Amino acid sequence: MFFSKLFAPTLRESPADAEVISHQLMIRAGMIRKVAAGIYNLLPLGTLVMQNVERIVREELTRAGAQEVVMPVVIPSELWRESGRWEEYGKELLRVKDRHGRDFCLGPTHEEVVTDMVRRDVKSYKGLPLNLYQIQTKFRDEIRPRFGLMRGREFVMKDAYSFHANEESAKEEYDKMFEAYSNIFRRCGLKFRAVEADSGNIGGSFSHEFMVLADTGEDEVVSCNSCDYAANTERAELKDHVSGQADHIKAQAETPEPKEVSTPGKKTIEEVSGLLGVPASKFIKTLVYDTDNGPVVALVRGLRNINEAKLRRAAGVARAELATDAVVEEITGAPRGFAGPVGLGDVRIIADFDIRAITEGVTGANKVDTHLLNVLPGRDFTAEYADLRTVEGLDKCPRCDKGRFEIHRGIEVGHIFMLGTKYSEAMDCTFIDEDGKSKPMIMGCYGIGIGRTAAAAIEQNHDDNGIKWPVPLAPYHVAVVLVDIKNDDLMEIATSLYYGLMDRGIPALLDERNERPGVRFKDIDLIGIPVRVTISKKTAAEESVEIKARGGEMDLFKYDKTMEEIYRLLGMVLPEQESKVTISSTPE
RNA sequence: CGGGGUGUGGCGCAGCUUGGUAGCGCACCUGCUUUGGGAGCAGGGGGCCGGAGGUUCGAAUCCUCUCACCCCGACCA
């Protein structure tokens, strides 16, 4: 590509609404432009990068034996009604009507469509396993799209779905996808971690998220500093480490009877802790939740946060939200801020394991302006115990019992998931097994956000000057900058190098714009091209070109060493028979 | 949806409190000079101030309504 022809409107300043660096740089580098909230145009540079991610995804999935298909964007409501998700999915599902008034939706994901496709034509175990994928535009009417391509409403996703005759086969495919995903993100030049994620209602621990580590990530992940356990903080487990230690039993025995203490107007743990001079870790935080199975009281240690997903699981409910003040008052007999587990009536109490470790605890007295001292779990109230608290750094690893958690922020670029028979049963996707019996297929699904992967790569690879693309994602691998554009001899050297690169399959950009060199260097850095070759009168006088890796130092190379050096910087090896090839020497 | 905020040339902003001819930087166009890290000078073009209604002799500015966008919360590739 000749830069003078390239549609890449670069900006010096970033638009005020771009928050994160990848969003800012994509706009400044002329890769994307916003059309509406969460909806973008991809300009040529953005398109090239997306194609690079897609190419890597295709290569790795093909190698893993998956087959590419294309499913529709507009999906009839009937399929979604069959799975029950037409009602369940909520407002994220953009529904439209056709001219006859029939209901359709824009596909946010394709379990229904692919299940329908497979059930029509696969009848026997002989047709299994099967892994079908597509790379396609999805639409999810997100409440709050943000961060450019990181969380758009319309976005390109690679979604794969596998079908199996039995669990073993499904697990095998899952492992294969795990491997393929690792290869994909490694090839994209990303530092990432596969972490355990919510397994949903089926499939044990068979769900992993692939997280690109970046401070701006929307997710938080923990990893053990001793073993290989890693999980999304939302899902990370903690074990019951506290029961039965000798000194603890002694402290329990020595805890005096509960005593009321007046705490007028002091509602928060911080306030009461300050007033009484008792550390917050002695507090039993008491939260009243409204669930679809009535109210539930949850207890966690002061300073710790409850994990509502864990609460939902422990309580066996689908919905749990903090109760309103009115409900709190009804359950505890006191206004918000003075709730405690002691003397509560007939209400379900679920406590975090850690609560059991408390002796001489402090909690609300279920009475206005009053708290209780010397509360001892087990003696003064009873509760069900479960893992309820959100993990934090330095918490003990539940797997190896030795290590401690480290916390990182991450961007979820991929998710692999065992679906089990949820869709195959709902939609009657069955096959005849070897034993002649009809069974529902076991399914897995596997997603990668293409644009999000590109954005994540920028989050991890940038500096003050702009993007620093990992070579496999770069829109062009090499920029050839001709400084003195009016000099025909130099132009010939530059174009000959440019075409030489193209002939070798190296995507190149020839910058022959009538701009001052500084402007052009800035643009090329901003766009993030990995290797820059500069040709000018000065370099030509030495029969050399100047080569500089993005972010590196510049060096002069004689014409016959040029290609070798470019290959080296791109992490490639010049083919043996080419080592003698030179770009055209100075014309006479 | 709840809470907060912003809408003024393509981009970044000022002007609004206290109504009186719409401004600055970048970008763009022309010319000259310049040409190794976002040039200088001179000239030039482009905005019904998000939209509708109202108050007023007069509204970017005050009032009402609306729309869009952004930020903080619960979802997700």
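First the proteins, then the strands, lettered A, B, ... as listed; each starts at 1. Every value quoted in this text rests on a predicted model; they were computed, and no experiment measured them.
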Once base and sugar-phosphate atoms are separated, protein heavy atoms under 4.0 Å mark nucleotides 3-10 of chain B, 5' to 3', with B, S and - as --------
Q: Assign the ring pair A:Tyr498 / A:Phe2 to parallel, tilted or perpendicular, where the plane angle (0 to 90°) is split at 30° and 60°.
A: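 Rings of A:Tyr498 and A:Phe2: perpendicular, as their planes differ by over 60°.
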Classify the ring geometry between A:Tyr174 and A:His208 as parallel (under 30°), tilted (30 to 60°) or perpendicular (over 60°).
->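 Tilted: the ring planes of A:Tyr174 and A:His208 meet at 30° to 60°.
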Can you name the atoms? Protein N/O to nucleotides 32-35 of chain B N/O, anything below 3.5 Å, with the distance.
{"from": "B:U34", "atom 1": "O2", "to": "A:Arg516", "atom 2": "NH1", "distance (Å)": "2.8"}

Say you pick atom [atom1] in [N] and the same atom in [M]; how far apart are they, in whole Å?
{"N": "B:C76", "M": "B:G3", "atom1": "C1'", "value": "23 Å"}
{"N": "B:G36", "M": "B:U61", "atom1": "C1'", "value": "49 Å"}
{"N": "B:A59", "M": "B:G12", "atom1": "C1'", "value": "26 Å"}
{"N": "B:U55", "M": "B:C65", "atom1": "C1'", "value": "15 Å"}
{"N": "B:A68", "M": "B:G25", "atom1": "C1'", "value": "26 Å"}
{"N": "B:A39", "M": "B:G15", "atom1": "P", "value": "29 Å"}
{"N": "B:C48", "M": "B:C1", "atom1": "C1'", "value": "35 Å"}
{"N": "B:C11", "M": "B:G38", "atom1": "C1'", "value": "15 Å"}

Practice prompt. Flag yes if more than 12 heavy atoms outside A:Arg63 fall under 6.0 Å of its CZ atom; otherwise flag no.
Written response: no
Check: How about A:Asp215: does its CG atom have over 12 heavy atoms from other parts shown lying under 6.0 Å from it?
Finding: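 Open: at most 12 neighbouring heavy atoms sit under 6.0 Å from CG of A:Asp215.
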Partner of [N] by Watson-Crick or G-U wobble geometry, both contacts under 3.5 Å, or none?
{"N": "B:U17", "value": "none"}
{"N": "B:A42", "value": "B:U30"}
{"N": "B:C69", "value": "B:G5"}
{"N": "B:A59", "value": "none"}
{"N": "B:A22", "value": "none"}

By side chain to side chain donor-acceptor pair (under 3.5 Å), which residues pair with [X], not counting sequence neighbours?
{"X": "A:Arg312", "value": "none"}
{"X": "A:Asp525", "value": "none"}
{"X": "A:Glu329", "value": "none"}
{"X": "A:Asn305", "value": "none"}

Would you classify [X] as touching base, sugar-phosphate or nothing, given that sugar-phosphate means primed atoms plus P, OP1 and OP2, and contacts are heavy atoms under 4.0 Å?
{"X": "A:Arg33", "result": "nothing"}
{"X": "A:Gly30", "result": "nothing"}
{"X": "A:Arg153", "result": "nothing"}
{"X": "A:Val519", "result": "base"}
{"X": "A:Thr539", "result": "base"}
{"X": "A:Asp159", "result": "nothing"}
{"X": "A:Lys537", "result": "nothing"}
{"X": "A:Leu526", "result": "base"}
{"X": "A:Gly518", "result": "sugar-phosphate"}
{"X": "A:Asp219", "result": "base"}
{"X": "A:Glu209", "result": "nothing"}
{"X": "A:Met554", "result": "base"}
{"X": "A:Arg520", "result": "nothing"}

Against the side chain of A:Arg146, the closest entry in B:G38, B:G36, B:C71 is B:C71
What about A:Tyr446 and A:Tyr133, are their ring centers closer than 6.0 Å?
no
Partners passing ring-ring contact (aromatic ring centres under 6.0 Å, His included) against A:Phe155 (at least two apart in sequence or in another chain):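 In terms of ring-ring contact (aromatic ring centres under 6.0 Å, His included), with neighbours along the sequence ignored, A:Phe155 is linked to no residue.
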Those residues at least two apart in sequence (or on a different chain) that pass ring-ring contact (aromatic ring centres under 6.0 Å, His included) with A:His408 are none
inquiry  = Run A:Arg95 and A:Tyr89 through side chain to side chain donor-acceptor pair (under 3.5 Å) and show every step you take.
reply    = CA-CA 11 Å; A:Arg95 295 152 215 255; A:Tyr89 210 89; over 6 Å; no
With sequence neighbours excluded, residues passing salt bridge (Lys or Arg N to Asp or Glu O under 4.0 Å) with A:Lys522 =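 A:Lys522 satisfies salt bridge (Lys or Arg N to Asp or Glu O under 4.0 Å) with no residue once adjacent residues are dropped.
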Contacts of A:Arg193 meeting salt bridge (Lys or Arg N to Asp or Glu O under 4.0 Å) (sequence neighbours excluded), chain-then-number -> none
**Pi stacking test for A:Phe521 and B:G36: under 5.5 Å apart, planes under 30°** = no
Walking RNA chain B from its 5' end, the first of A:Ala37 and A:Gly152 to be reached, judged by nearest nucleotide, is A:Ala37
- Message: By nearest heavy atom, map A:Lys538 and A:Lys91 onto RNA chain B; which one lands nearer the 5' end?
- Response: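 So the residue in question is A:Lys91.
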Any side-chain N or O of A:Lys34 under 4.0 Å from OP1/OP2 of B:C70? yes
Residues of residues 48-63 of chain A with a heavy atom under 4.0 Å from any atom of RNA chain B, listed by number, are none
Enumerate the residues from residues 12-22 of chain A whose closest heavy atom to RNA chain B is under 4.0 Å, giving them by residue number; use none for an empty result.
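A:Arg12, A:Glu13, A:Ser14, A:Pro15, A:Ala16, A:Asp17, A:Glu19, in order of number.
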Any side-chain donor paired with an acceptor under 3.5 Å for A:Thr216 and A:Glu459?
yes
Give a yes-or-no answer on whether the side chains of A:Ser77 and A:Arg81 include a donor-acceptor pair shorter than 3.5 Å.
->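 Present: a donor and an acceptor within the cut-off.
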### Query
Do side-chain atoms of A:Arg389 reach the backbone of A:Asp352 as a donor and acceptor pair under 3.5 angstrom?
no
